Amino acid sequence: MKTTFNIHYGTSWGESLSIVLKDKKYPMAWHDGGLWSVTVNVSSAALKDYWYVVIRDGVIVRSEWEHHSGTPAAVINDSWNDCPVPGCPFVRRHAAGLFDEPGFRGAGTAVPVFSLRSSEDFGIGDFRDLRPLVDWAAATGQSIIQLLPVGDTTRKGEWTDSYPYSPVSSFALHPLYLRLQEIGVEADEAFRREQAELNALPEIDYPRVFRAKMSHVRRAWEKTGAKDISCASFKRFCKSNAGWLDEYAEFCAQRDSTEPEYWRWIQWHLDRQFADEAAYARSRGVHFKGDLPIGVSADSADAFYHPELFNLDSCAGAPPDFFSRDGQNWGFPTYNWEEMAKDGYAWWKARLRKMSEYFDAFRIDHILGFFRIWEIPVEYRSGAMGHFNPAIPYSPEEIEAEGLPVEGLFLPDPRNPGRVQPRILPDSAKLSQWQHERFGAIYNDFFYRRNDALWRRNAELKLPELLDVTGMLACGEDLGMVPDCVGGVMAKETILSLEMENMDKGRPWPELAVCATSSHDMATLRMQFAADNGRDMEPWEVRRALMRHLDSAPMLAIFPLQDWLALDGRLRRSEYGAERINLPSEPNHHWCYRMHIGVEQVRDASSLKVEVAGMLKDTRRYNTKNRIL
């Protein structure tokens with residue numbers, strides 16, 4: 001039906017209002033008295049979730065704190081939703097209300113699902129292993145459990161599939177995270193024997209676990225699948241997820257010569273199990289924080305069905321940095337942002353909405369990719385052969401006028417034919433002193449100043465659009481070669497930064513931040529200490545390091561589970577060198593880290609529980625909203 005929307009809002013010069021209905025913006029007309037209005041053909045479904053935004057120069061400069069929900073009517077008169085919480089630092093309401101409380105300080109644990117260990121899983125952590133971890137987090141006053149990506153990375157079940165940042169779908173969950181006993185697999189003597197063998201391994205044997213677990217999944221499908229797919233719950237799941245599920249199921253079926261319904265059935269079970277754990281965590285005052293990979297693989301369902309959204313002639317990566325002297329080539333295509341903008345970034349919005357079903361916060365992997373991406377032509381493997389996209393390149397005439405050679409100092413810019421960008425690792429050995437100085441000035445200007453306004457607008461066009469669609473707390477992984485514009489955009493959109501002592505940014509840690517002792521790409525706290533001191537860290541030294549982080553300004557302090565366990569000399573792993581999750585400089589690294597003890601043992605360790613709770617109380621990070629069972 002046709003509906004006229006009216007809202008009073010005092011804009012500044014150059015600003016206008018739009019209403020967002022079903023992710024489409026409708027410009028509004030201004031009337032005397034600051035009244036803005038628009039008449040739109042709108043469905044009742046669109047009225048369940050809509051909001052207003054302020055536009056300047058084609059960019060969203062302000063969004064409402066909270067969305068509207070209405071019923072069909074010829075005229076709807078709205079008021080702008082401002083934040084009703086005095087002192088709240090955020091510009092958007094979060095689904096988890098504790099984040100919006102002024103002065104909120106929280107703590108949490110980071111661990112990959114695959115690294116969890118329990119008596120009931122099958123050689124690899126699964127979603128049901130999260131429950132005892134939630135109980136431990138709640139008992140110690142923590143607010144957050146941070147996970148690595150949980151998306152499906154299945155190709156052939158080999159070691160390369162263990163890499164969690166190369167999904168074959170941006171929506172599908174990983175089949176290996178199923179609890180087998182709940183999908184029709186009988187835990188008979190043979191099952192228990194195989195389970196015991198796999199769970200006795202100190203690390204994950206990914207190919208072996210994949211073969212064994214998926215064999216059980218297939219037999220369960222053959223046993224109960226026909227009955228399961230006739231139930232109302234399965235049908236509702238397929239209908240509500242059809243936008244991605246149909247493509248994913250067909251993609252997997254063609255890859256493995258199986259039935260599409262088999263993959264829908266797997267995702268239905270995964271959704272039920274993970275959604276259960278997310279609901280349980282929320283009921284206990286604990287919130288899952290997800291990880292949004294910056295890339296999607298070229299051999300994914302997304303790229304297969306929507307190739308127009310990707311630049312398949314290039315790979316994303318990172319320039320040489322702290323982690324890798326040769327840079328990184330992640331092997332997945334970059335995004336065709338111009339094409340994505342045509343439908344208002346619908347693919348991204350759908351991806352984030354799916355995440356928000358399970359997560360109340362999320363880490364934006366390599367948030368710099370929303371400003372610019374380090375792009376490597378597919379003919380090269382070295383990250384050092386990359387260039388920035390987008391960027392303002394140079395013409396050969398400009399370089400010639402500076403008295404510099406192109407060869408050895410510059411690379412072609414594939415997005416701007418005939419133009420060049422400075423090499424990140426130039427061959428400048430043969431330059432004279434004045435040429436060194438002149439090239440150095442060009443180099444520093446290009447990488448740190450020349451593109452700043454372009455990159456800022458690039459992020460401003462995307463991030464507000466994406467952040468408006470869910471109530472997840474946004475945290476950005478803003479490490480590496482960070483342009484000056486990044487901090488300002490993150491601050492404006494109230495995206496939490498990532499702060500680490502070994503990745504100093506040359507300023508005090510802000511309150512709107514997450515501080516951490518390390519990440520999955522780094523050595524653990526004990527490993528860092530041993531590298532500097534030649535010995536293991538004593539528990540009291542671990543406590544001192546964690547307290548230093550807990551006492552700091554950032555609203556969230558999230559530590560790897562390995563670092564929490566290091567507080568207890570009886571619980572910690574004796575071989576601390578085996579606690580590393582990933583080596584970024586090793587492209588063929590096996591993601592096989594698994595806890596050396598069961599998560600139930602962590603939950604039941606009273607001494608650790610008391611110590612962690614005491615540390616959080618002493619630093620005002622103890623979550624009093626945790627429910628005691």
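Keep in mind that what you see is a predicted model, and the values were worked out from it rather than measured. Nothing fancy with the numbering, it's 1 onward along the sequence. What you see below is based on every heavy atom in this structure, not just the backbone, and it leaves out hydrogens, waters and symmetry mates.
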Checklist entry - Restricting to pairs with a member in residues 166-177, which pass side-chain hydrogen bond (donor to acceptor under 3.5 Å, both in side chains), not counting sequence neighbours? => result T153-H174, R155-S166, S170-D302, H174-Y206
Next on the checklist: Do W347 and V296 have side chains that approach each other closer than 4.5 Å (heavy atoms only, starting at C-beta)?
Outcome noted: yes
Checklist outcome for this item: Taken to the nearest 0.5 Å, the spacing of W30 CH2 from D32 CG works out to 4.5 Å
Checklist entry - Are a donor atom and an acceptor atom from the side chains of H31 and S37 found within less than 3.5 Å of each other? => result yes
Next on the checklist: Between N336 and E308 (side chain of the first, backbone of the second, donor and acceptor by atom type, cut-off under 3.5 Å), is there such a pair?
Outcome noted: yes
Checklist entry - Judged by atom type as modelled, is there a donor-acceptor pair below 3.5 Å linking the side chain of D413 to the main-chain atoms of R415? => result yes
Checklist entry - Between D161 and T154, do the side chains contain an N or O donor and an N or O acceptor separated by less than 3.5 Å? => result no
Checklist outcome for this item: Residues A459 and V489: closest non-hydrogen pair is CB-CG1, 4.3 Å
Item to check | Spatial distance of atom CG (N311) from atom CD (E338) [nearest 0.5 Å] | outcome: 8.0 Å
Item to check | Geometric cation-pi criterion, R372 with W455: 6.0 Å, 45° | outcome: yes
Checklist entry - Can you check whether F274 and F359 have ring centres sitting under 6.0 Å from each other? => result yes
Next on the checklist: Working note: V53 + L17, criterion side-chain contact (heavy atoms from CB on, under 4.5 Å); need CA distance, chi angles, decisive distance, verdict.
Outcome noted: CA-CA 6 Å; V53 293; L17 252 63; over 6 Å; no
Checklist entry - Distance from L479 atom CG to L498 atom CG, nearest 0.5 Å? => result 4.5 Å
Next on the checklist: side-chain hydrogen bond (donor to acceptor under 3.5 Å, both in side chains), that's the test. Do W330 and Q328 meet it? Break it down for me.
Outcome noted: CA-CA 6 Å; W330 300 325; Q328 299 176 47; 3.0 Å; yes
Item to check | N329 versus Y380, side-chain donor and acceptor atoms under 3.5 Å | outcome: no
Next on the checklist: Per the side-chain hydrogen bond (donor to acceptor under 3.5 Å, both in side chains) rule, what does the pair list look like for residues 480-496, sequence neighbours excluded?
Outcome noted: R92-E493
Item to check | Exam field: side chain S162 to backbone W591, donor-acceptor pair closer than 3.5 Å | outcome: yes
Item to check | Criterion side-chain contact (heavy atoms from CB on, under 4.5 Å) on K289 and M472, from CA distance to verdict | outcome: CA-CA 9 Å; K289 178 184 176 186; M472 291 190 291; over 6 Å; no
Checklist entry - Of E357, R264, K354, which is the lone residue that meets side chain to side chain donor-acceptor pair (under 3.5 Å) with N241? => result K354
Checklist entry - Backbone N or O of L173 within a donor-acceptor pair of the Q267 side chain at under 3.5 Å? => result yes
Checklist entry - Does the pair E460/R457 count as a salt bridge with the N-to-O cut at 4.0 Å? => result no
Item to check | S300 to P167 - nearest heavy-atom pair and separation | outcome: CB-O, 3.7 Å
Item to check | Value rounded to 0.5 Å, distance of CZ in R456 from CG in D452 | outcome: 6.0 Å
Item to check | Backbone of I392 reached by a side-chain donor or acceptor of R450 within 3.5 Å | outcome: yes
Checklist entry - In Å, rounded to the nearest 0.5 Å, how long is the span from CG of D291 to CG of L148? => result 6.0 Å
Checklist entry - Would N6 and L35 satisfy side-chain contact (heavy atoms from CB on, under 4.5 Å), going step by step from the backbone distance to the final call? => result CA-CA 7 Å; N6 296 317; L35 177 68; 3.9 Å; yes
Item to check | Taking every non-hydrogen atom, the tightest pair across C475 and I495 | outcome: C-CG2, 4.0 Å
Checklist entry - Between I442 and P422, which heavy-atom pair has the shortest distance, and what is it? => result CG2-CG, 4.4 Å
Item to check | Stepwise side-chain contact (heavy atoms from CB on, under 4.5 Å) check, M355 with F362 | outcome: CA-CA 8 Å; M355 276 193 78; F362 72 115; 3.8 Å; yes
Item to check | Residue pair G369 / K462: nearest heavy atoms and the distance that separates them | outcome: O-NZ, 4.3 Å
Checklist entry - Side chains of H67 and D49: donor-acceptor distance under 3.5 Å anywhere? => result yes
Checklist entry - Step by step, would you call Y9 with Y52 a ring pair (Phe, Tyr, Trp, His ring centres under 6.0 Å)? => result CA-CA 10 Å; Y9 188 92; Y52 297 90; 9.3 Å; no
Checklist entry - So Y165 and H366, side-chain hydrogen bond (donor to acceptor under 3.5 Å, both in side chains) or not? Walk me through it. => result CA-CA 11 Å; Y165 287 90; H366 194 68; over 6 Å; no
Checklist entry - Roughly how far, to the nearest 0.5 Å, is CG of L352 from CG of L292? => result 6.0 Å
Item to check | Heavy-atom closest pair, residues G317 and I376 | outcome: CA-CD1, 4.3 Å
Checklist entry - Is the F5 to Y26 ring centre distance short of 6.0 Å? => result no
Next on the checklist: Using side-chain heavy atoms (C-beta onward) and a distance below 4.5 Å, is L512 in contact with P89?
Outcome noted: yes
Checklist entry - Are the side chain of E402 and the backbone N or O of I399 linked by a donor-acceptor pair below 3.5 Å? => result no
Checklist entry - Does any N or O in the side chain of Y443 come within less than 3.5 Å of the main-chain N or O of R423, such that one atom is a donor and the other an acceptor? => result no
Item to check | Check: S44 and T71 side chains under 4.5 Å, non-hydrogen atoms | outcome: no
Item to check | Whether Y448 side chain and M481 backbone form a donor-acceptor pair below 3.5 Å | outcome: no
Next on the checklist: Using ring centroids (six-membered ring only for Trp), state whether Y358 and F288 fall under 6.0 Å.
Outcome noted: no
Next on the checklist: Within 45 degrees of the ring normal and closer than 6.0 Å to the centroid, is that where the cationic atom of R272 sits relative to W268?
Outcome noted: yes
Next on the checklist: A side-chain contact here means heavy atoms from C-beta on lying under 4.5 Å apart; do V20 and D468 qualify?
Outcome noted: no
Checklist entry - With no hydrogens and no angle check, is any side-chain donor or acceptor of H387 less than 3.5 Å from a backbone partner on I424? => result no
Item to check | Distance-only donor-acceptor check, side chains R363 and S519, under 3.5 Å | outcome: no
Next on the checklist: The test is side-chain hydrogen bond (donor to acceptor under 3.5 Å, both in side chains); show your working for N582 and Y163 and say whether it passes.
Outcome noted: CA-CA 9 Å; N582 179 42; Y163 179 41; over 6 Å; no
Next on the checklist: Is it true that Y345 and D23 share a donor-acceptor pair across their side chains at a distance under 3.5 Å?
Outcome noted: no
Item to check | E398, CD: over 12 other non-hydrogen atoms inside 6.0 angstrom | outcome: yes
Checklist entry - Any donor-acceptor pair under 3.5 Å linking the side chain of N451 with the backbone of L454? => result no
Checklist entry - Are side-chain N/O atoms of H94 and D100 paired as donor and acceptor at under 3.5 Å? => result yes
Next on the checklist: Under the rule for ring pair (Phe, Tyr, Trp, His ring centres under 6.0 Å), what residues qualify as partners of F370, not counting sequence neighbours?
Outcome noted: W337, W348
Item to check | Side chains of N389 and E375, donor plus acceptor under 3.5 Å | outcome: yes
Checklist entry - Can you check whether F388 and F371 have ring centres sitting under 6.0 Å from each other? => result no
Checklist entry - Any side-chain heavy atom of F251 within less than 4.5 Å of one from D256? => result no
